[in-house]
Amino acid sequence: MTYIRKPKIQHPRLSRNALGLTRRDYEGAVSTLCAGCGHDSISAAIIEACYEMSLPAHRIAKLSGIGCSSKTPTYFLSRSHGFNSVHGRMPAVLTGAYMANRDLVYIGVSGDGDSASIGLGQFAHAMRRGVNMTYIVENNGVYGLTKGQFSATADYGAKNKRGVQNFDEAIDLATLAIQMGATFVARSFSGDKAQLVPLIQAAIHHRGAAFIDVVSPCVTFNNHRESTKGFDYVRAHNAAVNRPDLIPVREEVRVSYPEGATETVELHDGSLLQLTKCAADYNPRDRTRAINAIQERQRLNQVVTGLLYIDPDAPDLHDEMGTVSCPLNQLSDAELIPGRAQLEVINQAHR
Amino acid sequence: MHGRLERTNDFVVKFANVNGSGSASANQLFAKAILRMGVPVSPRNIFPSNIQGLPTWYEVRVSEAGYLGARSGVDLMVAMNPETWSQDMASVEPGGYVLYDSTRARTHGLPTGCQALGVPLTALCSEAYSDARQRQLFKNTMYVGVLAQLLGIEFAVLETLVRDQFKRKAPLINANLDALSRGWAYAEAHLEGGIGLQIQRRDACGDRIFIDGNTAAALGAIYGGATFSAWYPITPSSSLAEAYMHYAERLRVDPDGQRKYVVVQAEDELAAIGMVVGAAWNGARAFTATSGPGISLMQEFLGLAYFAEIPAVIFDVQRGGPSTGMPTRTQQSDVLACAHAGHGDTRHPLLLPSDPRECFDFSALAFDLADRLQTPVFVLSDLDIGMNERLCDPLDWDDARTLDRGKVLDFDALDSGAAFGRYLDVDGDGIPYRTLPGTHPERGAFFTRGTTKDAYARYSEAGDDYVANMERLLRKYERALRWLPEPVLHECGASDAVIFFGSTAPAMHEALDMFADAGAALDALRVRSVPFHPKVGAFCESHRLVFVVEQNRDGQLRSLLIEQFDLDPKRLVSLCHYDGTPITARFIVNAISHQMDERKVVPLRKQVEP
Ligand SMILES: Cc1ncc(C[n+]2csc(CCOP(=O)(O)OP(=O)(O)O)c2C)c(N)n1
Ligand code: SF4
Ligand SMILES: [Mg+2]
């Protein structure tokens, strides 16, 4: 890791979005990650997605666990509150935050060690619960921050830089997320901004647990020739099942796609997700077939990317719990304290 | 040969039952009936870690004098479990009584000097009921009828209680009353001569209520404005979370059915505390309820919450350790684990309630404290207080009271341009200002992390930033003393003294009376919080010997006293009761007397200035 300060990411056009903000308003502190680290590209994609969506940054909360990936929330959205929590436990913190205020946008950032190794339990349970969030795993197959040990997503048989082989089976977080009940599951590649940015946007629009597994090469510890999480490998094996494009509410559908080659998913808030099909047989609304298709392609050593699964009509946790529409952290004393007379009734029942 | 025990309004009845046999509600009916006769009782559940089949006991101490601590020995044993017969008989006091099911011939002996009260409960039930479950259940109700007749509990009192209990299940009222009458009639006809234990109507309960600590703590959380709870079931704390849900469903639901609270049953205690931290970070009052094993799992988050300065309330209803240790037995053995939970240098405020009323008060207070101090606050009760109903002052709430949310900058404060540094000590009290996500479009956002930060929450690994932060945290901790409940002093000018806390209180009050009656009165101080009030240190310094009585092996409270006041350890004599049963006055008196004898100290009165 280097502490040499690098110039802020330069944007060619300082254009403004609907809120009158520039991309720079969505940036964060200068990254201290290794030059070329995939994680920095994901930060850039998050900035781009939020800028394009004209999201008020202060209405976003960004939470993470521990790792190089989990450090990145410092490097985007400086106007958002952030929480760098405990290794593998971001899902719980995010869940609690979401329970306290249902009106904010929650972005969780994690690593493959953070989510698949130490935090696998919390990862699985968060997917089951229907928390309204965008959960991004920056997946490099290693523990970057502790200097390159294999993580639980490292492929069986993969070799590290020193030639040591991994003999544990890899955990595929995307498949697991689908099985656990996430209602939006995608995979992308840090080097494919055109695919990643609309996926992040769609995930934010989606109501419920949205998970994106982003393969994000660690240039320092896992980008060598034998690596299955390196830039060259992923480029060579990337098999996109579809390419997404998000059309926000009230914006007209401008592009016309050839019949049969696209699929449109209407998201809960009315925005449209246009999917250009790259694999004709892939149906992202069918949970069982999606899992099968992913596994079949993985057997062929393909890195399956795109929107893998979506259920746009799923209820979220607050709906299911019947919580008031006013965020819990804004209820007044009068709404919270039942008062002395009520207590006397309770006393009387205990005599 | 002892004469039979003759006692009025002062005895112990113990029920020996089998877990899952439905005895709990009958036993509770018995205890409540005595309360309604105006005589204080304190019941205790003694139960195994099991759902069905193993022995359980319900011990009811009747004490007109109002001693609510456990007392050893049993004056009337209701021996409904053949398996524990020998063990149960061994605890019966000479001259005591044994009520048993005489349907089949007794195979085991009675202790000499006891009076046997045989009632053919099984036969009576088989005769009266055809349904198997009824035959089982009403056996319990029937022995309550027998006891009521023998002890002189008015039938009308039982009837009122039954009518109240089954208000919504009318058919059960008559069935229960019938079973009670059958028991009553049998006793009247067959147990002539009665027994020497009697209940006589008094007015010794006043307006006190009969409630368990977990329910009271849950109500404290509702009145204290808690809107979020995350928990993972564990005895003896589960009933706290369950009571919160029960009362929130009654008191926190809008007319249109919308809930002003959320409870998540988490996948484990790590997740439970993580959710509480997340919710509290985001400005909701949040708590978790757990016991020792849960506290162990929460350590990392508790440390983070301390350094990141996040308000959170943790109820630890203590039990024996470790995980499969003594899950259904009481102890006060998490004091140190909570006081210093986390890694690195941490110090947490602890509140130590001694009865359900204090569970309620300290629970509501904990939420204000957590918000004011921006730190996790622990409420430490135990199984004895948490899971047993105890007579205590009625719960009270001042309608003028508002929830103190501490130093939170709102939109206007931020908009007016107030300088904001999340960890900046603006007021010199160690307590910084915080902001909540979503407040202001341009101001007040900050990044929360452990200690790698400066006063403006910017990333920093500089040593002086770290030290400055740690020093401020100490100032903040000391600030807590302003708001923590003061110790309760009982001073009579004795040269020796006792310090105690929590569920030891009722046994200690009785023991202090016994010492006073014997002309050897002791001064006493009940600690109600950590950090300790300066009065606690002064009390230690001003007595010759200070006995620290607690329910753990290692004298954990004593360690904290020595740590905070830098006391000479020799001044503080540790007296520990830790076999998992609640401490008794007899234990305390014996232990202190023994220590006094060993040291050949004669109780002294302090020299009083003329
Ligand atoms: C409880 C705990 N154990 C171990 C660590 C050390 N640790 C820090 S980051 C990390 C692995 C991070 O891996 P990953 O989530 O994949 O993030 P990456 O650095 O690869 O982006 C480990 C083991 C820790 N911080 N906390
Ligand atoms: S993940 Fe790898 S490349 Fe990226 S910052 Fe960490 S060590 Fe460097
Ligand atoms: Mg990694």
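Every heavy atom of this structure was used, including side-chain atoms; hydrogens, water molecules and symmetry mates were not. Just so you know, these numbers come straight off a predicted model, no measurement behind them.
Contact of A/S78 with chain B is made through the backbone alone, with heavy-atom distances under 4.5 Å. In this structure, no portion of B/I273 lies under 4.5 Å from any heavy atom of chain A. Interface residue A/A349: only backbone heavy atoms are found under 4.5 Å from chain B. Proximity to chain B involves both the backbone and the side chain of A/P338, based on heavy atoms less than 4.5 angstrom apart. Residue A/L77: no heavy atom, backbone or side chain, is found under 4.5 Å from chain B. Contacts between B/R252 and chain A at a heavy-atom distance below 4.5 Å involve the side chain alone, from C-beta outward. Using a 4.5 Å cut-off between heavy atoms, A/M321 contacts chain B through both its backbone and its side chain. In this structure, the portions of A/T323 lying under 4.5 Å from any heavy atom of chain B include both its backbone and its side chain. Contact annotation for A/L104: only side-chain heavy atoms (C-beta onward) come within less than 4.5 Å of a heavy atom of chain B. Both the backbone and the side chain of B/T435 come within contact range of chain A, with heavy atoms under 4.5 Å apart. Contacts between B/I310 and chain A at a heavy-atom distance below 4.5 Å involve the side chain alone, from C-beta outward. Interface residue A/P73: backbone and side-chain heavy atoms are both found under 4.5 Å from chain B.
In this structure, the side chain of A/N132 engages the main chain of A/G208 through a donor-acceptor pair within 3.5 Å.
In terms of non-hydrogen atom pairs under 4.5 Å with chain A, the most contact-rich of B/D254, B/V253, B/I222 is B/I222. Per-residue counts of heavy-atom pairs under 4.5 Å with chain B were compared for A/M90, A/M99, A/R59; the largest is that of A/M99. Chosen from B/Y261, B/F447, B/W397, the residue pairing most often with chain A at heavy-atom distances under 4.5 Å is B/F447. Your options are B/A457, B/A284, B/A266, B/A279, and the one with the most heavy-atom pairs under 4.5 Å with chain A is B/A279. Ranking A/T95, A/L331, A/L343, A/I60 against chain B, the residue ahead of the rest is A/L343, based on heavy-atom pairs under 4.5 Å. The candidate with the highest count of non-hydrogen atom pairs below 4.5 Å against chain B, out of A/V86, A/V324, A/N329, A/I346, is A/V324. The candidate with the highest count of non-hydrogen atom pairs below 4.5 Å against chain B, out of A/R129, A/Q330, A/H318, is A/R129. With chain A as partner, the option from B/G225, B/P441, B/A445 having the largest number of non-hydrogen pairs under 4.5 angstrom is B/P441. Heavy-atom pairs under 4.5 Å with chain A peak, among B/E267, B/Q258, B/R36, at B/E267. Note on B/V263, B/V276, B/L436: by heavy-atom pairs under 4.5 Å with chain A, the leading option is B/L436. Heavy-atom pairs under 4.5 Å with chain B were tallied for A/L19, A/D103, A/T74, A/V105; the largest tally goes to A/T74.
Because its NZ or CZ atom is not both nearer than 6.0 Å to the ring centre of B/F210 and within 45° of the ring axis, B/K32 does not count as a cation-pi partner of that residue. In this structure, B/K453 forms no cation-pi arrangement with B/F307, as its terminal cationic atom is not both closer than 6.0 Å to the ring centre and no more than 45° off the ring axis.
Taking A/R16 as the reference, nothing meets the salt bridge (charged side-chain N to carboxylate O under 4.0 Å, His left out) condition, with sequence neighbours excluded.
When side chains are defined from C-beta on, A/V131 counts as touching A/L317, because their heavy atoms get closer than 4.5 Å. Residues A/P91 and B/M275 are not in side-chain contact: their nearest non-hydrogen atoms beyond the backbone lie 4.5 Å or more apart.
In summary, B/R434 and B/E309 do not engage in a salt bridge, as defined by a charged side-chain N under 4.0 Å from a carboxylate O. The residues B/D410 and B/R405 are annotated as not salt-bridged, no charged nitrogen and carboxylate oxygen being separated by less than 4.0 angstrom. Ion pairing between a basic and an acidic side chain is recognised when a charged N comes within 4.0 Å of a carboxylate O; B/R357 and B/D396 show no such pairing. Under a 4.0 Å N-O distance rule, the pair B/R285/B/D368 qualifies as a salt bridge.
Taking the six-membered ring where the residue is Trp, the centroids of B/F228 and B/F287 are separated by 6.0 Å or more.
Here the closest heavy-atom approach between residue B/A221 and residue B/F367 is recorded as CA-CE1, 3.6 Å.
Crowding of A/Y51 atom OH: a count of heavy atoms from other residues, nucleotides or ligands under 6.0 Å exceeding 12.
Relative orientation of the A/H87 and A/Y143 rings is perpendicular, given thresholds of 30° and 60° on the angle between their planes.
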